[in-house]
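Okay, so here's the structure we're looking at.
Count residues from 1 along the sequence. Counting convention: from 1, in listed order, for ligands and their atoms alike.
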Amino acid sequence: MEYQELIRQRYSCRAYQSREVEAEVLQRVLEAFGLAPTAANRQSMGLVVVRTSGREEELRRVYKADWFAAQPPMVVCACAVPGKCWTRRDGKNYADVDVSIAMDHLILAATDQGLGTCWVGAFDPAAAREVLGLPEGVEPVAFTPLGYPADSARPKLRRKLEELVHQERW
Ligand SMILES: Cc1cc2nc3c(=O)[nH]c(=O)nc-3n(C[C@H](O)[C@H](O)[C@H](O)COP(=O)(O)O)c2cc1C
């Protein structure tokens with residue numbers, strides 16, 4: 001898909017078909033996660049792919065919505081690993097930035113493949129750690145369901161560009 005069309009077509013999909021995602025489609029989406037730029041090329045992030053079938057109740061503990069835990073064939077969790085990430089001289093660690101860029105790559109690649117996604121940040125982090133078996137030092141940052149959409153895009157509500165973009169000084 002042409003890039004301008006892609007960024008306009010992506011939307012937060014909150015209804016999914018149960019249809020499986022073909023292996024080659026999933027592969028392209030996962031590759032996009034790994035192709036993202038990262039600070040000092042440390043590639044500090046990680047991704048957990050969870051099939052929903054048979055794990056609906058566990059996943060509901062993580063985020064209580066059918067469009068997350070039951071409808072899509074899978075959800076993925078993008079994780080930050082601050083201990084592996086580049087840190088600026090003043091101590092700022094870029095692990096959240098690395099993982100967010102990688103997740104956005106994945107989400108745009110999924111859109112390009114005709115899949116629906118929705119960033120989910122309002123999950124229960126303790127439940128996520130337990131359900132995904134995350135070791136210490138690995139932080140769950142964002143989830144998205146992955147599957148074919150059963151809804152369609154709504155008009156985008158966005159601030160005016162002039163409110164976001166400052167010329168020369170804030
Ligand atoms: C970091 C982040 C966290 C989000 N968390 C949630 C969430 O927990 N649940 C949800 O339904 N949507 C969540 N969203 C989706 C936003 O509500 C959505 O992106 C925004 O309303 C704009 O709509 P659009 O994605 O359809 O363009 C999140 C989005 C981002 C970027």
Side-chain angles (χ1 to χ4, degrees), residues 1-18 21 25 28-30 32-39 43-52 55-82 85 92-132 134 138-165:
M1 199 184 298
E2 195 269 324
Y3 185 73
Q4 289 297 329
E5 191 189 341
L6 180 70
I7 57 175
R8 283 167 176 75
Q9 281 212 0
R10 186 219 52 83
Y11 71 99
S12 290
C13 174
R14 297 188 181 93
Y16 291 85
Q17 304 172 33
S18 57
V21 174
V25 170
R28 278 181 218 123
V29 170
L30 299 180
F33 186 84
L35 284 169
T38 56
Q43 302 164 59
S44 63
M45 66 285 180
L47 189 75
V48 184
V49 181
V50 185
R51 314 272 159 187
T52 54
R55 300 193 70 183
E56 293 86 349
E57 289 317 307
E58 279 180 292
L59 289 170
R60 260 187 252 279
R61 289 178 48 218
V62 176
Y63 189 75
K64 206 174 168 194
D66 275 353
W67 56 262
F68 178 86
Q71 294 171 6
M74 72 189 92
V75 297
V76 298
C77 177
C79 298
V81 188
C85 189
K92 181 179 168 56
N93 183 285
Y94 270 74
D96 283 350
V97 177
D98 280 357
V99 73
S100 300
I101 296 170
M103 185 64 145
D104 207 45
H105 267 51
L106 177 148
I107 278 179
L108 291 175
T111 308
D112 187 45
Q113 295 297 311
L115 298 175
T117 58
C118 183
W119 282 84
V120 171
F123 61 89
D124 178 332
R129 302 198 69 83
E130 200 183 306
V131 168
L132 305 184
L134 299 181
V138 176
E139 293 175 12
V141 172
F143 281 82
T144 180
L146 268 186
Y148 289 97
D151 65 1
S152 45
R154 295 161 302 280
K156 290 203 181 299
L157 301 172
R158 292 295 190 266
R159 288 164 65 191
K160 288 200 181 74
L161 207 52
E162 302 82 73
E163 292 176 30
L164 300 174
V165 179

Report summary line: Any heavy atom of R158 under 4.0 Å from ligand 1? The part involved is side chain
Query raised in the report: Got more than 12 heavy atoms from elsewhere within 6.0 Å of NZ, K160?
Result: no
Query raised in the report: Does any N/O atom on C118 come nearer than 3.5 Å to any N/O atom on ligand 1?
Result: no
Report summary line: When distances are taken from atom 3 (C) of ligand 1, the protein heavy atom at minimum range is G121 N, 3.7 Å
Query raised in the report: Do E5 and R8 sit within salt-bridge range, that is, some charged N less than 4.0 Å from a carboxylate O?
Result: no
Report summary line: ligand 1 atoms nearer than 4.0 angstrom to some heavy atom of V120 are 5 (N), 6 (C), 7 (C), 8 (O)
**Report entry** W67 N/O under 3.5 Å from ligand 1 N/O
**Finding:** no
Query - Distance from atom 8 (O) of ligand 1 to nearest protein heavy atom, with residue and atom - result: A122 N, 3.0 Å
**Report entry** Identity and separation of the nearest protein heavy atom to atom 11 (O) of ligand 1
**Finding:** R14 NE, 2.9 Å
**Report entry** Closest protein heavy atom (residue, atom, distance) for atom 9 (N) of ligand 1
**Finding:** Y63 OH, 2.9 Å
Query - Close N or O approach (Y11, ligand 1; < 3.5 Å) - result: no
Report task. For the pair R28 and D112, find out whether any cationic side-chain nitrogen is under 4.0 Å from an anionic carboxylate oxygen. Result -> no
**Report entry** Electrostatic pair R61-E130, nearest N-O below 4.0 angstrom
**Finding:** yes
**Report entry** Ligand-residue contact atoms, ligand 1 with K156, heavy atoms, under 4.0 Å
**Finding:** 27 (O)
Query raised in the report: When L146 is tested against each of V49, I107, V29 for side-chain contact (heavy atoms from CB on, under 4.5 Å), which residue passes?
Result: V29
Query raised in the report: ligand 1 versus F123, non-hydrogen atoms closer than 4.0 Å: side chain, backbone, both, neither?
Result: neither
**Report entry** Closest non-hydrogen atom pair, A70 against T52
**Finding:** O-OG1, 4.2 Å
Query raised in the report: Can K92 be said to sit on top of Y94's aromatic six-ring, NZ or CZ under 6.0 Å from centre and within 45° of the ring axis?
Result: yes
Query raised in the report: At what distance is the nearest protein heavy atom to atom 25 (O) of ligand 1, and which residue and atom is it?
Result: S12 OG, 2.6 Å
Query raised in the report: Checking S44 side chain against A95 main chain: does a donor-acceptor pair fall under 3.5 Å?
Result: no
Query raised in the report: Using heavy atoms and a threshold below 4.0 Å, how should the contact between A153 and ligand 1 be classified: side chain, backbone, both, or neither?
Result: neither
Query raised in the report: Would a search of protein heavy atoms around atom 21 (O) of ligand 1 find one under 4.0 Å away?
Result: no
Query - Closest protein heavy atom (residue, atom, distance) for atom 29 (C) of ligand 1 - result: W119 CB, 3.4 Å
Query raised in the report: Is the F143 to Y63 ring centre distance short of 6.0 Å?
Result: no
Query raised in the report: Have Y11 and D151 got a donor and an acceptor in their side chains that come within less than 3.5 Å?
Result: yes
